[in-house]
Structure formats: C-alpha cells, structure tokens
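Computed over heavy atoms, backbone and side chain alike; hydrogens, waters and symmetry mates excluded. None of these values were measured; they are calculated from a predicted model.
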Amino acid sequence: MQEAGFINFIRTLLIILAVYYIFKFFVKYVIPVLLVNYVQKKTGQQVKKEPVEKEGTVTIERKPSQNNRVDDSVGEYVDYEEID
C-alpha cells in the first residue's frame with residue numbers, strides 16, 4: 001500500500017503545471033501555424049498578411065486631383081453647422 005506523501009503531491013502538481021503550459025504554448029503558437037498551412041493546402045492559395053500599421057499614422061494612397069475647382073457662377077458658399 002502506497003502513501004500519498006508530500007513528494008508525490010509536488011510531483012503531481014509539477015506535472016499538471018507542465019501539461020497546462022505545454023497546452024497553452026500549442027494553442028497560442030503551433031495551432032495557428034498548422035491551420036494556416038491547412039487552409040493554404042486546401043485552397044491552393046497563399047494567405048497574404050497585411051502589413052501592420054502603427055496606430056495614429058496617416059497614409060495618403062493617392063494625391064487628390066487639382067481639377068476640382070468650384071465654378072464662380074455657382075454662387076457663394078456658406079459654411080454652416082447643424083444645431084440640435
């Protein structure tokens with residue numbers, strides 16, 4: 001008959017922690033890579049990652065054209081603001 005000693009308790013606790021962290025590692029890093037590879041294999045396409053932009057940066061993709069001038073015969077432009 002075996003007794004449950006302090007050493008066996010610590011061993012069991014370490015095994016539980018090791019299994020937890022190994023599972024956490026696989027869920028966070030390995031499974032996403034496997035899923036991307038699986039999807040690429042099934043669709044036959046490369047999954048493109050979009051470049052990550054820093055928050056607060058402004059990019060202008062095209063320069064607005066200069067030909068959008070208002071004709072003088074249209075009238076006077078009045079800037080207004082709606083009041084609730």
| request: Quick one: list whatever passes side chain to side chain contact (heavy atoms under 4.5 Å, CB included) with V27, sequence neighbours left out. | output: F23, I31
| note | One should read off an interatomic distance between T12 OG1 and L17 CG, to the nearest 0.5 angstrom, of 11.0 Å
| Are I7 and I16 joined in one hydrophobic group, where the rule is that I, L, V, M, F, W and Y side chains link up if heavy atoms are under 4.5 Å apart? | no
| message | Holding to side chain to side chain contact (heavy atoms under 4.5 Å, CB included), I want the full list of residues that pass it with K24, two or more places apart in sequence or in another chain. | response | Y20, Y21
| task | Could you tell me which residues satisfy side chain to side chain contact (heavy atoms under 4.5 Å, CB included) with I10, sequence neighbours excluded, listed by chain and number? | result | F6, L14
| query | Hydrophobic clusters join Ile, Leu, Val, Met, Phe, Trp and Tyr when side-chain heavy atoms are under 4.5 Å apart, directly or via other members; which others share one with I83? | reply | none
| request: Any chance you could pull the hydrophobic cluster mates of Y80, using side-chain heavy atoms under 4.5 angstrom and chaining through other members? | output: none
| task | For the pair Q40 and N37, evaluate side chain to side chain contact (heavy atoms under 4.5 Å, CB included) and give the outcome as yes or no after the intermediate values. | result | CA-CA 5 Å; Q40 285 178 352; N37 289 338; 3.9 Å; yes
| task | Please identify each residue that fulfils ring-ring contact (aromatic ring centres under 6.0 Å, His included) with Y29, with sequence neighbours left out. | result | F25
| remark: For V19, the hydrophobic cluster (side chain heavy atoms closer than 4.5 Å, chained through members) also holds I15
